[in-house]
Amino acid sequence: MKRAHHILKSVFGYERFRHHQADIIEALINGHDVLTLMPTGGGKSICYQIPALVRKGTGIVVSPLIALMQDQVDAMNQLGIRAAFLNSTLSVAEQREIELLLRAGELDILYLAPERLLSPSTLSLLEFTPIALFAIDEAHCVSQWGHDFRKEYQQLSILHERFPAVPRIALTATADARTRSEIIEQLALGQASVFVNSFDRPNIHYAINESGNSRDELWSFLTENHAQDAGIIYCQTRKGVDTIAQWLSKKGRIALPYHAGLNQAVRQNNQQRFLREDSLIIVATIAFGMGIDKPDVRFVAHMNLPKNIEAYYQETGRAGRDGRPADAWMSYGLRDVVGLRLFTENSDAEEKFKRMMHQKTDAMLGLCELTSCRRIALLGYFGEYIDQPCGNCDNCINPPETWDATVATQKALSCVYRTGERYGAQYVIDVLGGKSNERIENNKHDKLSTFNIGHEHTAVEWRGIFRQLIAHGFLATDAEGYGVLKLTQKSWPLLKRSVTPQTVMLRKLRKAKSKKKNVSASASDLTAQDQQLFEQLRTLRAQLAKAQNVPPYVIFPDKTLTEMAIVKPHTQGQMLDISGVGQSKLERYGQAFLNEINNPI
Ligand code: ADP
Ligand code: ZN
């Protein structure tokens with residue numbers, strides 16, 4: 001472990017291990033298997049990088065993210081670690097060269113895609129190579145319930161059979177218990193030490209808005225909070241992606257689309273620009289983002305409801321990996337709620353699977369309609385309990401008001417009943433509001449007792465009421481897929497007033513913006529003068545990055561630049577004291593940054 005501490009300081013430039021890093025590293029050095037569950041940005045990579053350097057032989061890292069291997073290897077080479085990858089993007093000659101390096105024991109770390117690792121030729125190549133460890137990154141890909149499922153991952157237990165003496169570490173940022181047990185089972189990790197970190201991401205501010213016009217809301221969210229920041233905007237459909245990207249571009253932001261309908265070259269180019277440039281927005285379907293390890297994504301915005309809390313947490317988790325304040329922002333409305341319910345209803349999955357989907361939908365909608373701390377609910381969903389409201393979500397900062405909606409609910413349910421459970425929300429709202437049109441007249445619904453009994457609420461308010469009634473299960477949508485509203489078991493006690501009266505509390509539409517507190521020190525805490533120096537250092541970093549065609553954060557993360565701008569080191573020794581500056585980076589960049597700091601313009 002002494003060696004491990006020394007490497008942490010001299011290679012990575014960090015003083016202390018975080019969370020369970022030290023225990024994990026010790027277990028691996030001693031030859032034990034490990035399963036690590038840590039949120040994004042928790043510091044997973046060091047957990048296998050350091051033992052790979054301490055133990056004899058090469059550390060083999062299995063990762064499904066071929067597109068990211070180049071950046072990962074670049075980042076390691078910058079630290080002076082001898083890393084490489086083998087995948088289909090390399091020419092045959094390049095692959096040969098790396099195989100030779102591996103055989104000669106010249107590699108500390110080698111990245112492989114699972115299909116490559118499982119090929120007979122690779123497996124026999126590894127038989128003749130000393131191996132320090134196997135790291136199985138993104139281990140949740142073994143789970144066939146998740147949307148990142150990779151069938152090759154289920155064959156990775158072969159590593160245990162063919163190389164029983166080599167310790168393995170499986171890593172994931174997916175928190176739920178089901179996935180955890182699947183990983184243990186599929187990868188034969190029954191004997192592994194399991195390290196579970198808190199999944200809280202305290203620097204992320206969660207906000208979920210129920211809104212009529214999400215585009216306007218998005219625009220004010222962006223201009224007020226992220227006028228110059230990089231971020232991701234998720235939309236449900238490809239068309240939505242294209243529209244929002246074009247609209248933002250017209251408004252003067254650099255916004256690029258990303259979805260499966262674009263050709264590979266365009267997608268790759270857009271992703272690359274997102275990683276390399278500052279202030280760029282990616283508008284994407286969920287096809288984007290797995291393993292995007294850009295640390296300075298300042299916001300993730302959802303223009304629609306994610307399908308479940310797992311997806312929501314994974315997608316929002318791409319914000320703020322560097323630990324600095326970041327936003328998870330969502331806007332959803334009645335249509336989204338109906339859409340998600342329909343999606344669950346219409347799936348042709350078997351009954352057991354469908355029941356599970358219903359539960360997940362309920363939990364997602366419950367989170368949206370919640371009036372208390374979002375973080376308590378989110379973490380609770382993953383089995384983690386905190387007893388204090390977080391103070392960094394919309395509900396904590398600007399508690400929503402509720403109102404007694406029992407009478408409105410009775411009117412709504414009764415109107416659904418009297419119109420024969422054959423119409424969608426808009427029609428029922430028209431009847432309630434006494435809005436006559438041809439269809440309503442033809443159906444003689446203007447003669448119903450419920451016609452015009454809801455005029456005390458506007459149509460917008462009724463949409464909010466129906467959204468919440470569907471979300472809470474007082475109304476269901478039909479299975480045929482037209483959004484027709486049906487009564488549920490939960491409706492009847494309210495319709496038959498003879499039963500013990502029940503109160504329905506709903507939330508009021510929130511008008512005021514939620515004011516955020518800054519939770520941690522960040523670049524914005526710099527004095528004006530330090531801020532200027534910080535900008536200069538950022539420019540220098542951009543030049544150095546561009547010259548080598550690597551992402552800027554591979555040179556130094558923002559955190560390191562901020563510390564340099566505050567501390568203003570004069571000597572190489574002082575430079576080494578800055579967090580994130582190790583020996584290799586000091587040699588490469590120390591002088592350039594010292595010059596910039598000591599000769600400001
Ligand atoms: P993950 O893979 O878990 O999302 P990373 O391994 O990319 O996270 O680490 C996130 C960031 O935290 C990186 O910039 C990394 O260098 C930094 N980091 C990791 N461990 C430490 C530590 N012990 N002290 C300071 N920074 C750390
Ligand atoms: Zn909270």
Side-chain angles (χ1 to χ4, degrees), residues 4-5 7-9 11-25 36-50 61 63 65 68 71-72 75-76 78-79 81 109 135 137-140 169 171-175 195 197-208 289-297 314 317-324 328 367 370-380 386-400 514 516-517 519 551-563 578-582 585:
H5 276 281
I7 293 173
L8 181 71
K9 178 68 192 149
V11 175
F12 294 90
Y14 299 138
E15 283 304 322
R16 265 173 296 280
F17 284 115
R18 272 187 192 162
H19 312 308
H20 300 293
Q21 279 175 337
D23 298 330
I24 294 166
I25 289 169
T36 297
L37 299 102
M38 230 190 243
T40 313
K44 280 186 285 300
S45 358
I46 277 183
C47 297
Y48 59 79
Q49 287 161 349
I50 292 185
V61 185
S63 162
L65 310 166
L68 289 179
D71 284 352
Q72 287 172 316
M76 256 170 270
Q78 294 281 336
L79 293 166
I81 300 175
I109 290 183
D137 207 0
E138 313 290 347
H140 60 277
I169 172 170
L171 309 104
T172 178
T174 303
F195 295 95
N197 204 73
S198 165
F199 274 83
D200 190 15
R201 304 284 310 280
N203 59 315
I204 297 182
H205 170 86
Y206 295 97
I208 301 180
M290 186 194 173
I292 282 297
D293 59 1
K294 183 177 168 66
D296 51 359
V297 175
Q314 194 176 45
R318 290 172 186 141
R321 289 182 56 150
D322 54 9
R324 298 174 56 214
L367 177 73
L370 195 71
T371 51
S372 53
C373 176
R374 308 260 191 215
R375 196 177 310 268
I376 290 182
L378 272 171
L379 292 174
I386 47 170
D387 45 13
Q388 291 288 328
C390 74
N392 192 28
C393 73
D394 54 351
N395 287 352
C396 277
I397 292 167
N398 183 13
S514 79
K516 281 188 299 168
K517 279 190 280 183
V519 286
Y553 62 82
V554 162
I555 309 272
F556 285 127
D558 282 0
K559 242 187 186 162
T560 302
L561 296 194
T562 309
E563 201 178 319
I578 303 281
S579 174
V581 183
K585 294 222 176 146

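When a ligand or atom number is given, it counts from 1 through the structure's own listing order. As the structure is a computational prediction, the values presented were derived from the model and not from experiment. Because only heavy atoms are used, hydrogens play no part in the values below, and waters and symmetry mates are left out as well, while side chains stay in.
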**OP:** State the atoms of ligand 1, each with its element, that fall below the 4.0 Å cut-off from a heavy-atom position in R16.
**Re:** 22 (C), 23 (N), 24 (N)
**OP:** Go through ligand 1 atom by atom and flag the ones less than 4.0 Å from a non-hydrogen atom of I46.
**Re:** 19 (C), 20 (N)
Heavy-atom nearest neighbour in the protein, as seen from [atom], with distance rounded to 0.1 Å:
atom: atom 14 (O) of ligand 1; answer: Y14 OH, 4.0 Å
atom: atom 1 (P) of ligand 1; answer: R321 NH2, 3.2 Å
atom: atom 20 (N) of ligand 1; answer: Q21 NE2, 3.0 Å
atom: atom 12 (O) of ligand 1; answer: R18 NH1, 3.3 Å
atom: atom 6 (O) of ligand 1; answer: S45 OG, 2.4 Å
atom: atom 9 (O) of ligand 1; answer: G43 CA, 3.4 Å

Original post:
Any nitrogen or oxygen of G41, main chain or side chain, under 3.5 Å from a nitrogen or oxygen of ligand 1?
Top reply: yes
Original post:
Looking only at distance, does K44 have an N or O less than 3.5 Å from an N or O of ligand 1?
Top reply: yes
**OP:** Measure E15 to ligand 1 on non-hydrogen atoms and call it side chain, backbone, both or neither using the 4.0 Å cut-off.
**Re:** neither
**OP:** May I ask you to test the I81-F12 pair for a side-chain heavy-atom distance under 4.5 Å?
**Re:** yes
Subject >> F17 side chain reached by I46 side chain, heavy atoms, under 4.5 Å >> reply: yes
Original post:
Does even one non-hydrogen atom of G42 get within less than 4.0 Å of ligand 1?
Top reply: yes
Original post:
SG (C390) to the Zn ion (ligand 2) to SG (C393): angle, nearest 10 degrees?
Top reply: 110°
